[in-house]
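Input: a single structure, listed below in structure tokens.
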There are 2 protein chains.
Amino acid sequence: MTDAKMPRMTRIQQKNRDLIMDGALNVFSANGFRGATIDQIARSAGLSKPNVLYYFASKDDIHKTLLTELLDMWLAPMQQIDPAGDPMAEMLGYVAAKMRMSRDYPRESRLFAYEILQGAPHLTQILGGGLRDIVDRTVVVLQGWMVEGRLARTDPRHLIFSIWSMTQHYADFEIQVRAVLGSGRDPFAEGQEFLEQMYRKLLTP
Amino acid sequence: MTDAKMPRMTRIQQKNRDLIMDGALNVFSANGFRGATIDQIARSAGLSKPNVLYYFASKDDIHKTLLTELLDMWLAPMQQIDPAGDPMAEMLGYVAAKMRMSRDYPRESRLFAYEILQGAPHLTQILGGGLRDIVDRTVVVLQGWMVEGRLARTDPRHLIFSIWSMTQHYADFEIQVRAVLGSGRDPFAEGQEFLEQMYRKLLTP
DNA sequence: TGAATTATTGACCAAACGGTCAGGATCAAG
DNA sequence: CTTGATCCTGACCGTTTGGTCAATAATTCA
């Protein structure tokens, strides 16, 4: 149960697939799908192009595998909202967790940003399926809190959009943020402080 | 003073350059720079590929011209904030204007989103120059209002980031928004309502 | 009208790219 | 050590793409 993924996977397969996934994350997140080349991925992974294609059937295959492998990790923070916890603490915790993701995993953020911008050709099923279910479950929790008067009333779904957009903004548009703020500042720390203050005020009943 | 752009421009030049700009906006905003081909742009404009390259030196030239031509229009709403107006009305007006931009000009929003995601290879000067100045001027106005106690105190720059990210989210990630909301709803109207309520609460001193 | 300028295009080119393949290197197991 | 499976690569292929160019068509203006 520790590693029940592929039936059999040699150490070399394990290592090289990981290298390719990391290289692909570098290249796709920097250039988008169309802007990325298998050669770049191979170079970033330290492998030859044919060797990359020995492990993955096609560029499309690499991209799709990468997205699906990262999706769970990307959506994890939302699923960790505890319906039994303190509403304000849970929401501020979620915001902080998303902000940490933007700071520590900007490549993942940009990867998904490109995919959604593109029209989500590889995620359409997930968008209308799994993602929507996860959001719906969270919406139920939020609405419960609002009905109980422990959280200010707002549209829960648009509240979630606001958290997504603002936190991911610091990763996806980091260049713009840094250009506007100027050097010698910490966009993520400042952003975290701003968001905490903002949502505390917004969500206080 | 009505049209002091190019020294001389025939009607054909005027028309075809406009066609190309529109086609380029279609293609670049849907696929990003690397994902766009001159052939697609030509087809979208109703011209042949060599004819497109008769008016523009290269794909890069098309892209750069398009960005610079649209930049002013894109930044206009922020410059229309009136320092002499009512603070709350001015801010809510700015949010509403940005929201209208997302609804009516999603192609422009996505075009800039791609460019910033990419690392803004064509906008670096503008980001650190003109954009920063515009933001700085607005920041001065906001700080004035906050000092006067007519607007709640917050970091003005991060406040601006929040408006940018949330309003543009409805254009750039429209597919995701629609997938989560489900059909039969108006994301932009709902978003506008949410944002107005949110910023009214946030900015009330 | 006719010459000069502007506009348009089919054919073409070199580079980049996704992907293939035969054959050789490496490794694990008996 | 041997053998079979796994791993790796140089060379190659067809297609796509950005861009060129010579030749032709359309337009402008004296």
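Contact between the side-chain N/O atoms of N16(B) and the OP1/OP2 oxygens of dT6(C) is not found at any separation under 4.0 Å. The side chain of N51(B) contributes no N or O atom lying less than 4.0 Å from OP1 or OP2 of dA7(C). One finds no side-chain N or O of Y54(A) lying less than 4.0 angstrom from the OP1 or OP2 phosphate oxygen of dT20(C). The phosphate of dA7(C) (OP1 or OP2) has a side-chain N or O of Q13(B) nearer than 4.0 angstrom.
Every pair passing salt bridge (Lys or Arg N to Asp or Glu O under 4.0 Å) that includes a residue from residues 125-138 of chain B is listed here, sequence neighbours excluded: D136(B)-R157(B). Sorted pairs that involve residues 111-131 of chain A and meet salt bridge (Lys or Arg N to Asp or Glu O under 4.0 Å), not counting sequence neighbours, are lacking altogether.
Here F56(B) lies out of heavy-atom contact (under 4.0 Å) with every strand.
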Pairwise N/O distances under 3.5 Å, protein to nucleotides 11-18 of chain C:
| residue | atom | partner | partner atom | Å |
| --- | --- | --- | --- | --- |
| dG18(C) | OP1 | A36(A) | O | 3.3 |
| dG18(C) | OP1 | K59(A) | NZ | 2.9 |
| dG18(C) | OP2 | I38(A) | N | 3.0 |
| dG18(C) | N7 | K49(A) | NZ | 3.1 |

Name the atoms and distances for all side-chain donor-acceptor pairs under 3.5 Å in residues 42-53 of chain B, with sequence neighbours left out.
| residue | atom | partner | partner atom | Å |
| --- | --- | --- | --- | --- |
| S44(B) | OG | N26(B) | ND2 | 3.1 |
| S48(B) | OG | N51(B) | N | 3.3 |

What pairs of donor and acceptor atoms, side-chain ones from residues 70-92 of chain A against any protein atom, are under 3.5 angstrom apart with sequence neighbours left out?
| residue | atom | partner | partner atom | Å |
| --- | --- | --- | --- | --- |
| D82(A) | OD1 | A84(A) | N | 2.9 |
| D86(A) | OD2 | A89(A) | N | 3.0 |
| E90(A) | OE1 | D82(A) | N | 2.8 |

Cut-off 3.5 Å, no hydrogens considered: what does the side-chain donor-acceptor table look like for residues 119-129 of chain B, sequence neighbours left out?
| residue | atom | partner | partner atom | Å |
| --- | --- | --- | --- | --- |
| H122(B) | ND1 | H63(B) | ND1 | 2.9 |
| H122(B) | NE2 | D60(B) | OD2 | 2.7 |

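With sequence neighbours excluded, the residues that form a side-chain hydrogen bond (donor to acceptor under 3.5 Å, both in side chains) with H158(A) are Y170(B), E190(B). Y55(A) pairs by the side-chain hydrogen bond (donor to acceptor under 3.5 Å, both in side chains) definition with N16(A), not counting sequence neighbours.
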Checklist entry - Taking protein heavy atoms under 4.0 Å as touching, what does nucleotides 22-30 of chain D look like 5' to 3' if B marks base contact, S marks sugar-phosphate-only contact and - marks none? => result ---------

